[in-house]
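Inspection log for the structure reproduced underneath, given as C-alpha cells.
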Protein chains: 2
Amino acid sequence: MQTGFFQKIKLFSQASPTSLQQISHAAKKRLYKKGTIILDRYQSQQTFLYVINGWIKLFRESSDGEEVIVDMLTQNHHCGATFLFESKEEDTYMAKSISEIEIFTLPTTLLKRLVASDHNLSLCLMHSILQKQKSLSVHIEHLSIQNAMQRIGCFLLRLRSDIQFQKNIKLRLPYDKVLLASRLGMRPETFSRALSKLSRKCDLHVDNELIAISCPLKLIQYVCQHCSQIFPCNLEG
Amino acid sequence: MQTGFFQKIKLFSQASPTSLQQISHAAKKRLYKKGTIILDRYQSQQTFLYVINGWIKLFRESSDGEEVIVDMLTQNHHCGATFLFESKEEDTYMAKSISEIEIFTLPTTLLKRLVASDHNLSLCLMHSILQKQKSLSVHIEHLSIQNAMQRIGCFLLRLRSDIQFQKNIKLRLPYDKVLLASRLGMRPETFSRALSKLSRKCDLHVDNELIAISCPLKLIQYVCQHCSQIFPCNLEG
DNA sequence: CGAAACCTTGACAATGTTCAATCACTGTGG
DNA sequence: CCACAGTGATTGAACATTGTCAAGGTTTCG
C-alpha cells in the first residue's frame, strides 16, 4: 500500500516517514462481504484494525452464553490499541462485518514498536483514544438517563452531523434492528415498540430501515432534554 | 514537593529527570475537608488533578438542572488529560470532595509541554488512559446487562480485590447512598429497596454504611452471571 | 422452495420511578 | 442548650417502563 494513503488518515498524519513506510509495508488492506468473521479472540490480541468503510461489530460471549456487544466500529474507527500495553485474554473479542467492509490491519507488535519509537505517532494515537473515551462517557450518561425512545432518537440524531439545520431528513439504519437494540441496551421487542412510539411523538416516518425526520428540532428537544451535553454531542472528528 | 514522591507514582515512573523536576516544582499538594468544591468548570480545563487519598466527585448540570455524575475518583485516579488536546467548554466539569482528600494538581499547560517532549511520560499516560477506557467499557456493559441488585453487588465486590478468597468480609460504603445510587444509574429509593433485597438474597448484613458479606462466592455467583468478564473484573493498578 | 433470521404484536410479569410521608442525623443560630 | 432547617435514608402505593413468552408475518439466502 502507498504511504500517501496513510498520511491522509488523521491517526497517522504526524507519523515519521520511516513509520509511514513501515506501516504501508505491513498493512494489509481487505474487503469482506457482510456477515464474515474478521477476527477471532486470539487474532484480536495480535491485530490492530482500522475501518476504511462499512460497519463492524466487536463482541464476546457472556458466561451464560449471550452475545455481548463490545463496540460498533465504522469509518475511521479502529480497535486493538488496548493490546499495546497489556494482553489479557479476557479483553479479547471477535469482530464480524455487519455490512460490506473495507479495512486494513497491522500486527500489534509492529504498532507497539512504532509507538515506542515515534513520539508524534503516539501523540496522535493518544488523541484518538481520548476522543473514544469521551464517546464512552457520553454513552454511559445516556444509558443511565435516557429512556428507550430517547436512546433511539439520540442514535438517529448522531447519524448525521448537519441534522439540526435541515428539514425532512432521510436516514437509513446502518444495521439491523436486533443489533441496534442490543447496542442501545434494550430488547428487540422494546426497540420495536419504542421506535413506533417515538415516531408518533416526534413526527418520524418509519419504513423498515428507512426513517424520515420531518422536524429535527422537535426530535432534538425531546431526546436531549435531560442530557448534560449540548446538542450535536460527541460527533467524532 | 520531592521528585521521589512522583517517581513512585506509576503514571510518572518513567518520566525523565527533567520532567520529574518540573513536575515536582509545579505540583501543588492540597488537603481538603469533605464537601469542598475543588474545581469549577473553568478551572477543570486548566488543571490536571491527581488523587493521593480520598474520594472526589466530578459532575455537571444537565440542561434541565439535574446533577449528572461524570466520574468518581479515588486513590491514584486522575482527571484533566482530556484537555491536553482539545479544550471544549462542554467537556468541563466541577470537582467536589466527598471525603477528606489529599490531592495534587498540575497546570494543564505544563503537562501538555511535558507530554510533547517526554516520550516515556506520554506512554505511561497512554497506558493509564487505556486502563480507564477499559473500566468505562465494563461500566457500559454493566449498565445494559445488570439489574439494580446486581449493580449494587458488583460495586461492593470491586471495593476489595481479595474478596473472593475471604469469608465474612466487612466493608464500609465510601460515600453516601444517594450519590452511590446516582453513580449506579438508579434512584435513591430503588437503591434502598434493591440493597435490602440483595442482602436477603445473598446473605449480607447491612448496618447503615457498614456491610458484611458472609459468603462472597454466593454474591459473585449472583452478580456476575450475565457478564462477559471473569470475576475480579477490571481491578485497576 | 424451505429454513433461518428478522421484525412486530399481544398479554402478562418484573423492574424501576414517582410522590408523599416519616424518621434519623447534623450542623446552625438564637 | 434547644429549636429548627436541611440532608440522607427508608417505606408504601400508584404508576410507567421494560422484559418475557408466545405467535405470526416478512425478508433473505442458499
Side-chain angles (χ1 to χ4, degrees), chain A residues 33-36 55 57 59 62 64-67 69 96-100 142-153 172-201 204 206-211 222-223 225-226, chain B residues 33-36 55 57 59 64 66-67 69 96-100 142-153 172-201 204 206-211 222-223 225-226:
Chain A
K33 62 181 181 186
K34 180 174 168 171
T36 316
W55 284 86
K57 166 175 81 171
F59 64 108
S62 73
D64 63 348
E66 287 281 297
E67 179 179 298
I69 310 292
K96 185 175 176 177
S97 59
I98 292 310
S99 65
E100 272 199 6
H142 289 162
L143 283 175
S144 29
I145 292 183
Q146 296 178 322
N147 65 24
M149 281 192 287
Q150 290 170 324
R151 297 212 289 283
I152 295 171
R172 174 185 299 271
L173 296 181
Y175 40 85
D176 74 56
K177 295 178 178 176
V178 176
L179 184 51
L180 186 46
S182 163
R183 175 67 174 158
L184 299 177
M186 66 188 82
R187 300 280 139 190
E189 296 93 329
T190 303
F191 180 90
S192 181
R193 281 186 260 261
L195 177 57
S196 81
K197 207 168 153 195
L198 180 68
S199 66
R200 265 170 281 142
K201 181 164 210 134
L204 312 184
V206 180
D207 171 19
N208 289 322
E209 82 279 13
L210 297 176
I211 298 186
Y222 173 65
V223 164
Q225 56 186 330
H226 305 307
Chain B
K33 61 181 183 186
K34 180 173 169 176
T36 316
W55 285 87
K57 168 174 81 172
F59 64 107
D64 62 350
E66 287 283 297
E67 178 179 297
I69 310 290
K96 185 176 176 178
S97 59
I98 292 309
S99 64
E100 271 199 6
H142 289 161
L143 283 176
S144 31
I145 291 183
Q146 295 178 322
N147 65 24
M149 280 192 286
Q150 290 170 324
R151 296 213 290 282
I152 294 170
R172 175 186 298 272
L173 296 181
Y175 40 85
D176 73 56
K177 295 178 178 177
V178 175
L179 184 51
L180 186 45
S182 163
R183 176 66 174 160
L184 297 176
M186 66 187 82
R187 300 280 140 193
E189 296 93 328
T190 303
F191 179 90
S192 180
R193 284 186 259 262
L195 177 57
S196 80
K197 207 168 155 194
L198 180 68
S199 66
R200 265 170 279 143
K201 182 165 211 134
L204 311 184
V206 180
D207 170 18
N208 290 321
E209 81 279 13
L210 297 174
I211 298 186
Y222 173 65
V223 164
Q225 57 185 327
H226 305 307

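All values reported here derive from a predicted model rather than from experimental measurement. FYI, side chains are in, hydrogens and waters are out, and symmetry mates aren't considered; it's all heavy atoms of this structure. Naming: A, B, ... by sequence-line order, numbering from 1 per chain.
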Contact between [X] and [Y] at the side-chain level, heavy atoms closer than 4.5 Å - yes or no?
| X | Y | value |
| --- | --- | --- |
| B:Q150 | B:Q225 | yes |
| A:F191 | A:V178 | no |
| A:K34 | A:I98 | no |
| B:T36 | B:K96 | no |
| B:H142 | B:H226 | no |

Exercise. How is A:K34 classified with respect to the nucleic acid when contacts are heavy atoms under 4.0 Å: base, sugar-phosphate, or nothing?
Worked result: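 Nothing, no heavy atom under 4.0 Å.
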Could you give the [atom1]-to-[atom2] distance, from [X] to [N], as a whole number of Å?
| X | N | atom1 | atom2 | value |
| --- | --- | --- | --- | --- |
| A:I152 | C:dC7 | CD1 | P | 13 Å |
| B:R187 | C:dC19 | CZ | P | 10 Å |
| B:D176 | C:dC25 | CG | C1' | 13 Å |
| A:L210 | C:dC7 | CG | C1' | 15 Å |
| A:H226 | C:dT17 | NE2 | C1' | 12 Å |

For this session: By nearest nucleotide on DNA chain C, pick out whichever of B:K197 and A:L195 is the more 5' one.
Result: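 Here A:L195 is the residue nearer the 5' end.
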Problem set entry | Base C:dC19 paired with B:E189 side chain (donor-acceptor, <3.5 Å) | yes
Exercise. Any donor-acceptor pair under 3.5 Å joining the side chain of B:R193 to the base of C:dT18?
Worked result: yes
Problem set entry | Stepwise side-chain contact (heavy atoms from CB on, under 4.5 Å) check, B:M186 with B:R151 | CA-CA 10 Å; B:M186 66 187 82; B:R151 296 213 290 282; 4.0 Å; yes
Exercise. Under 4.0 Å between a side-chain N/O of B:T190 and OP1 or OP2 of C:dG16, yes or no?
Worked result: no
Problem set entry | Boundaries of the DNA chain D segment in contact with chain B, non-hydrogen, under 4.0 Å | D:dG8 to D:dA13
Problem set entry | A:K177/A:E189 ion pair, N-O < 4.0 Å |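 Answer for the salt bridge query: no.
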Problem set entry | Among A:L184, A:T190, A:N147, A:L204, the one residue meeting side-chain contact (heavy atoms from CB on, under 4.5 Å) with A:I152 | A:L184
For this session: Could you walk me through whether B:E209 and B:Y175 pass the side-chain contact (heavy atoms from CB on, under 4.5 Å) test, one step at a time?
Result: CA-CA 8 Å; B:E209 81 279 13; B:Y175 40 85; over 6 Å; no
Problem set entry | Close residues, residues 142-151 of chain B, relative to DNA chain C [heavy-atom separation under 4.0 Å] |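 Output list: B:N147, B:A148.
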